[in-house]
> 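Dropping the structure in here first, questions after.
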Amino acid sequence: MRLGRHDSLGCPDDPPPGGSELAPPRLPAESRRRLQKLRRVMADVTPARRGRPLPAWRPTRLNTRYHDAIRLAEVVLAAQSFEHHAGELRVTGFMFDMWRIFEDFVCTSLGEALERRGGRYATQYSLHLDIARAVRMRPDLVWAGTQGRVRAVVDAKYTAERPQGFPDADLHQMLAYCTVLGLADGHLVYAKGNETVRTHVVEASGVTLHCHTLDLGLPPRQLLEQVEGLATATVSTVSSCRFRERDRSAR
């Protein structure tokens, strides 16, 4: 469980040490320092220009420690990729676990947006479904108030939509989180597709499950503004939230 603001993210308001290309928001101070060091080391290196042949070089004993880096640079500059030599088909590209990237983005950006409204947040918060603590659960994000009690739970879902809407299993999972945490509201965050924002009220229990979407096609600044709006919506449900008898604190 990771509590509070992650130190590795740094402070978005830190002034850059120089150079606009090293001044994007949220670039950690340590990363800026290391990039500045590389810039000084490579001050006399001529940048490669698109369409021109790469400078020739010859591997020797004197430049042994640079062999791997130079060969990797050649692959990148030539727009090539690493190849497996089995079969006849060649495919150029990189593979990413988009669900993990989306989850990390939502947890970090939304967690910090909630934290700016007070309290603290935790990711991959450890819960147990049963009293015997045999069934473990880990919601992606919880937000605790100043007294340490969990006041909101969020799960990020980079999930393909079904034709009729969001997957039902996600709703069942969120209902389990809300039941254990004693919350009347739970929040699911999806990458925006064809589905619109939707709310489900559970029979008998009255738990409300909110399905939100984030438009990943927006420019970064507008996307973060959308996250801020999501944080505001989450807090608005907490302000009128009726907690159940069992109390769960974020430790």
Side-chain angles (χ1 to χ4, degrees), residues 1-17 20 22-33 99-127 138-158 174 177-178 181-192 197-199 207-243 247-251:
M1 179 178 66
R2 303 189 295 271
L3 288 175
R5 188 183 302 272
H6 304 300
D7 293 338
S8 61
L9 295 174
C11 176
D13 297 326
D14 289 343
S20 58
L22 298 184
R26 305 177 60 80
L27 182 64
E30 175 62 16
S31 296
R32 288 197 185 103
R33 187 190 67 78
W99 66 269
R100 189 182 302 276
I101 295 173
F102 180 71
E103 177 185 309
D104 288 347
F105 168 74
V106 171
C107 289
T108 300
S109 59
L110 180 57
E112 293 185 354
L114 289 169
E115 203 172 55
R116 285 191 288 273
R117 292 158 172 79
R120 57 179 181 167
Y121 73 94
T123 60
Q124 295 301 311
Y125 190 62
S126 182
L127 296 172
R138 284 187 178 274
D140 292 333
L141 173 68
V142 298
W143 178 55
T146 54
Q147 302 301 316
R149 183 169 62 179
V150 174
R151 300 180 64 83
V153 59
V154 180
D155 237 23
K157 299 291 185 183
Y158 191 82
M174 180 55 65
Y177 294 158
C178 291
L181 290 168
L183 299 177
D185 293 84
H187 300 269
L188 290 159
V189 182
Y190 293 87
K192 185 176 181 180
V197 175
R198 184 165 298 214
T199 300
V207 171
T208 303
L209 306 176
H210 307 267
C211 297
H212 309 272
T213 60
L214 289 177
D215 187 353
L216 302 183
L218 292 174
R221 186 178 298 276
Q222 294 180 30
L223 178 57
L224 290 175
E225 289 175 355
Q226 198 172 59
V227 172
E228 288 289 337
L230 178 55
T232 299
T234 302
V235 172
S236 70
T237 64
V238 170
S239 63
S240 59
C241 183
R242 59 192 187 284
F243 292 95
D247 183 17
R248 177 83 182 195
S249 296
R251 301 180 186 62

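Index from 1, following the sequence. Note that the structure is predicted; figures quoted are calculated from it, not measured. These numbers come from the heavy atoms of this one structure, side chains and all, not from hydrogens, waters or symmetry mates.
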> Determine the interplanar angle of the Tyr158 and Phe102 rings, folded into 0 to 90°, and report it as parallel if under 30°, tilted if 30 to 60°, perpendicular if over 60°.
tilted
> What heavy-atom pair brings Leu114 and Ala231 nearest, and what distance separates the two atoms?
CD2-O, 3.8 Å
> Say you draw a straight line from CG of Leu223 to NZ of Lys192; how long is it, rounded to the nearest 0.5 Å?
11.5 Å
> I need the Leu181 CG to Leu127 CG distance, nearest 0.5 Å.
5.0 Å
> Does some side-chain heavy atom of Val189 sit less than 4.5 Å from a side-chain heavy atom of Leu214?
yes
> Looking only at heavy atoms, what is the nearest atom pair of Met174 and Val154, with distance?
CE-C, 4.1 Å
> Got a salt bridge between Arg33 and Glu30, using NZ or NE/NH1/NH2 to carboxylate O under 4.0 Å?
yes
> Enter the distance from Tyr190:OH to His212:NE2 here, rounded to the nearest 0.5 Å.
10.5 Å
> For Leu183 and Val150, work out which heavy atoms get closest and say how close.
CD2-O, 3.4 Å
> Would you name the heavy atoms of Gln226 and Asp215 that are closest together and state the gap between them?
OE1-N, 2.7 Å
> Going from NZ on Lys157 to CD on Glu103, what distance comes out if it is rounded to the nearest 0.5 angstrom?
8.5 Å
> Do you see a donor-acceptor pair shorter than 3.5 Å between the side chains of Thr237 and His187?
yes
> Can you check side chain to side chain contact (heavy atoms under 4.5 Å, CB included) on Thr232 and Arg117, steps first, answer last?
CA-CA 9 Å; Thr232 299; Arg117 292 158 172 79; 2.9 Å; yes
> To the nearest 0.5 Å, how far apart are CD in Glu228 and CG in Leu110?
9.0 Å
> Rounded to the nearest 0.5 Å, how far does CG of Leu216 lie from CZ of Phe105?
7.5 Å
> What are the two closest heavy atoms between Val153 and Cys178, and how far apart are they?
CG1-SG, 4.1 Å
> Given Gln124 and Asp140, is the side chain to side chain contact (heavy atoms under 4.5 Å, CB included) satisfied, shown in steps?
CA-CA 5 Å; Gln124 295 301 311; Asp140 292 333; 3.1 Å; yes
> Looking only at heavy atoms, which two atoms of Val227 and Ala113 are closest? And how far apart?
CG1-CB, 4.5 Å
